Amino acid sequence: MSVLMARLAYVAAEGELQQPFKDELPTRQAQLSTLQNTEEFDVLVIGGGATGSGCALDAVTRNLKTALVERNDFSSGTSSRSTKLIHGGVRYLQKAIMKLDYEQYMMVKEALHERSNLLDIAPHLSAPLPIMLPVYKWWQLPYYWAGIKMYDLVAGVQCLKSSYVLSKKKALELFPMLKKDKLVGAIVYYDGQHNDARMNLAIALTAARHGAAMANYTEVVHLLKKTDAGTGKEKVCGARCRDVVTGNEFDVRAKCVINATGPFTDSLRKMDDVKNANICQPSAGVHIVIPGYYSPDNMGLLDPATSDGRVIFFLPWEKMTIAGTTDTPTEVTAHPIPMEEDINFILNEVRNYLSPDVEVRRGDVLAAWSGIRPLVTDPNSKDTQSICRNHIVHISDSGLLHTCGGKWTTYRSMAEETLDAAVSAHGLGGGPSKTVGLMLEGGKDWSPTMYIRLVQDYGLENEVAQHLAATYGGKAFEVAKMARVTGKRWPIVGKRLVSEFPYIESEVRYAVKEYACTAIDVIARRTRLGFLNVQAADEALPRIVEIMGKMLDWSEQKRTEELEAAKKFLYFEMGYRSRSEQLTNTSEITLDTQEVARYTKRFHKFDKDSKGFITTVDVQRVLQNIGVQIDENALHEILNEVDLNKNGQVELNEFLQLMSAVQKGQVSDNRLAILMKTAEESLDLRGPVSVDRSGGGV
């Protein structure tokens with residue numbers, strides 16, 4: 001085995017933890033080479049979500065030869081589709097107190113400890129967030145206050161900031177969008193918030209830097225087994241793996257194999273033994289993203305009792321607002337789709353808490369996604385039907401170790417418990433867990449003011465510099481070094497992928513170093529553009545594919561396939577379909593007679609020849625008259641959004657369908673509607689052009 005492979009597979013046991021790849025991450029190809037050529041690992045982890053990546057980090061920092069394979073991308077499943085909170089669980093504490101349930105109490109206590117640790121080890125990706133609980137009945141004020149104070153007390157010295165009570169006036173000052181009617185006051189408490197996909201990636205990259213062989217897009221074809229000489233039973237001793245990118249298959253042998261596949265736990269259990277019963281009871285949680293103006297910049301909202309008894313969070317995130325989540329039984333799938341009824345349920349709950357002055361429109365939903373929560377029954381328990389409220393660690397007869405359930409916040413303690421079990425069951429050696437306080441990728445060299453250096457040293461925009469610091473921490477300087485000169489006076493470097501978001505082109509180049517293999521990896525997990533605004537992500541895709549294509553030497557066919565796959569991902573999994581279905585050629589026109597006349601008049605200002613339809617030529621002519629220039633390709637895109645029968649023109653009926661949908665709030669920020677309204681107002685202000693101004697007459 002080469003020196004490189006030895007460094008990858010093993011961490012020196014002496015002294016302080018070593019990082020064999022502190023300066024440069026090994027390439028994906030080098031990682032695959034190590035997986036194929038290492039005779040035997042101590043631990044093979046299957047699954048690259050938060051728990052799987054946490055297990056790999058825990059194992060490698062115990063000086064165990066560690067490997068991890070993930071059939072998709074790191075954090076491609078549930079770990080990137082959470083509520084983005086790092087929390088102990090206020091509602092679990094309420095249940096623990098009401099039912100005198102010690103197990104639930106300890107679960108909250110553990111989660112609060114893990115919350116504190118996660119905020120410490122990744123300060124660039126996480127921060128405390130104040131969350132307001134509005135109160136509309138006087139008797140609820142002391143009831144909720146007592147519960148929240150208990151939450152502070154359980155956290156003890158790890159309490160982020162002390163909770164407090166607000167008067168009605170002060171609550172409305174801090175959260176002016178709140179419904180005023182019957183509001184008696186509010187309680188504010190603190191939990192943590194993070195960038196979940198980037199946090200997951202930071203855990204995986206930290207494991208890789210410490211020497212773990214980590215490979216995404218590497219699926220398990222089947223488990224390897226050998227007969228135990230002592231017992232005569234078959235024991236799992238590795239896995240047959242396939243590189244999804246090339247199709248190449250190879251064996252990875254290990255003393256211990258860990259199943260950390262989240263909702264797909266049962267697939268691997270049945271791969272081990274087809275007779276194994278299912279233990280996963282998946283539940284779908286849908287979230288929506290709406291514009292940032294729906295919430296204050298730094299204050300969340302908790303609805304503790306929705307119309308059907310669920311809890312809804314309403315949180316600022318990445319300068320947008322997240323609302324969710326639902327909790328409905330679902331089938332396990334790698335491609336969960338947000339359903340329209342769930343989106344509307346969340347919107348209706350949001351309306352209940354916001355002022356009537358704030359019109360909550362369906363058209364304001366910029367993205368929506370569904371994550372599958374892997375609720376499990378405990379195979380170790382006599383009652384195998386009851387849902388386990390915490391995580392479980394289970395070792396099968398074949399020695400395959402399963403870790404499942406739990407929550408994002410407790411990924412580290414789950415990993416520690418899992419590796420403790422692995423060390424004990426398989427006699428692996430290695431010391432105790434070293435991950436408490438272990439800084440994650442980018443965390444060590446981050447400071448709250450480092451973005452200023454990025455602005456000063458590289459000439460980046462202030463917003464871009466803040467984003468890079470908050471996303472990459474100390475590694476932001478590497479991203480900045482890869483940024484190209486803009487050719488403008490300012491910013492000097494850092495060309496944006498789309499104008500309204502601070503993501504820049506060099507992030508795509510850096511994403512490839514972070515093991516991004518597809519355009520979806522970039523829009524969903526290296527950047528979060530797909531989760532924030534599906535239309536903006538769609539606009540950025542051609543440039544992303546172009547950059548990745550050059551770096552990864554993609555053929556034209558491969559580039560086309562990548563573009564189509566990413567568009568399909570946005571359409572189905574990120575809510576683009578639900579958004580586009582708000583305006584179809586069967587949409588009902590619900591305008592009254594006066595409104596129809598007004599919008600028809602507006603339409604005819606563009607349709608001068610009374611053809612009954614308008615094209616880009618008609619729009620260009622009007623825009624030229626008012627001194628506005630728009631790129632022809634952009635104009636085609638604008639009309640295409642409203643061209644429901646896709647015949648290259650917008651008919652009067654299609655325009656009326658659009659305006660009806662806008663009026664009902666099903667569609668918002670439609671470019672054609674705004675453009676035509678603005679043009680009409682400009683034409684009306686100018687009035688008829690006189691003969692002498694037009695240059696006519698003698």
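The basis for the numbers below is simple: all heavy atoms, side chains too, and nothing from hydrogens, waters or symmetry mates. Computed from a prediction, not measured in an experiment: that's the story for all the values here.
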Decide, yes or no, whether a salt bridge links D397 with K233 under the criterion of side-chain N to carboxylate O below 4.0 Å.
-> no
Is the closest basic N to carboxylate O distance between D42 and K65 below 4.0 Å?
-> no
Compute the centroid of each ring, for W408 and then for H194, and state whether the two points are separated by less than 6.0 Å.
-> yes
Quick one: do D266 and K270 make a salt bridge, cutoff under 4.0 Å?
-> no
Hey, what do you get for CD1 (I258) to OG1 (T51), rounding to the nearest 0.5 Å?
-> 11.0 Å
Sidechain N-carboxylate O distance under 4.0 Å for D196, R528 = yes
D243 vs T218, side chain to side chain donor-acceptor pair (under 3.5 Å): CA-CA, chis, key distance, verdict | CA-CA 5 Å; D243 179 358; T218 305; 4.9 Å; no
Can you establish whether the number of heavy atoms outside H222 located under 6.0 Å from its atom NE2 is more than 12?
-> yes
Test log, rule side chain to side chain contact (heavy atoms under 4.5 Å, CB included), inputs D191 and F313 = CA-CA 12 Å; D191 255 327; F313 285 100; 5.9 Å; no
What are the two closest heavy atoms between H394 and R269, and how far apart are they?
-> CD2-NH1, 4.0 Å
For the pair K407 (side chain) and H87 (backbone), establish whether a donor and an acceptor sit closer than 3.5 Å, ignoring hydrogens and angles.
-> yes
Passes side chain to side chain contact (heavy atoms under 4.5 Å, CB included), F250 versus N37? Steps please.
-> CA-CA 9 Å; F250 53 91; N37 295 299; over 6 Å; no
Hey, is the main chain of E441 close enough, under 3.5 Å, to the side chain of R209 for a donor-acceptor pair?
-> no
Under the criterion side chain to side chain donor-acceptor pair (under 3.5 Å), which of D272, N276, D273 is the partner of S396?
-> D272
What's the verdict on side chain to side chain donor-acceptor pair (under 3.5 Å) for Y472 and E507, showing C-alpha distance, side-chain angles and the deciding distance?
-> CA-CA 10 Å; Y472 304 94; E507 291 183 77; 2.8 Å; yes
Would the Y576 and F569 ring centres measure less than 6.0 Å apart?
-> no
Would Y411 and E114 count as a side chain to side chain donor-acceptor pair (under 3.5 Å) if you check the C-alpha gap in whole Å, the side-chain angles of each, and the deciding distance to 0.1 Å?
-> CA-CA 8 Å; Y411 84 90; E114 293 301 323; over 6 Å; no
For K84, does its backbone N or O pair with a side-chain atom of S82 as donor and acceptor, under 3.5 Å?
-> yes
Are R115 and D120 close enough for a salt bridge, meaning some N to O gap below 4.0 Å?
-> no
Geometric cation-pi criterion, R71 with F264: 6.0 Å, 45° | yes
Is there a side-chain contact between Y217 and N72, using heavy atoms and a 4.5 Å cut-off?
-> yes
Gap between atom CE of M199 and atom CG of N195 - 0.5 Å precision | 8.0 Å
Within 6.0 Å of CD in E341, more than 12 heavy atoms from elsewhere = yes
Give the intermediate values and the outcome of side chain to side chain contact (heavy atoms under 4.5 Å, CB included) for residues N117 and R412.
-> CA-CA 9 Å; N117 181 65; R412 194 214 60 82; 3.5 Å; yes
Without swapping roles, check the side chain of K225 against the backbone of V236 for a donor-acceptor pair under 3.5 Å.
-> no
Test: K226 and E234 ion pair at under 4.0 Å | no
Could you tell me whether the side chain of K475 and the main chain of T471 form a donor-acceptor pair under 3.5 Å?
-> no
Inspect the contact between E39 and R253 and indicate whether a charged nitrogen and a carboxylate oxygen are less than 4.0 angstrom apart.
-> no
Is the shortest distance from a Lys or Arg side-chain nitrogen in K558 or E562 to a carboxylate oxygen in the other one below 4.0 Å?
-> yes
Does atom CD of Q29 have more than 12 heavy-atom neighbours from other groups under 6.0 Å away?
-> no
Donor-acceptor pair, side chain of H210 and main chain of T206, under 3.5 angstrom | yes
How are the rings of F531 and W369 set to each other: parallel, tilted or perpendicular (split at 30° and 60°)?
-> perpendicular
Taking the side chain as C-beta and beyond, is there a heavy-atom pair between I523 and I544 under 4.5 Å?
-> yes
What closest approach, in Å, do A566 and A519 show between heavy atoms, and which atom pair accounts for it?
-> CB-CB, 4.2 Å
Among side-chain atoms of S75 and R525, is any donor-acceptor pair under 3.5 angstrom?
-> no
Does A30 offer a backbone N or O that forms a donor-acceptor pair with the side chain of T34 under 3.5 Å?
-> yes
Find the distance between CG (L428) and CG (D420) and round it off to the nearest 0.5 Å.
-> 11.0 Å
Could you walk me through whether N248 and T246 pass the side chain to side chain donor-acceptor pair (under 3.5 Å) check?
-> CA-CA 5 Å; N248 180 41; T246 63; 5.1 Å; no
Side chain to side chain, C517 and D73, heavy atoms closer than 4.5 Å = no
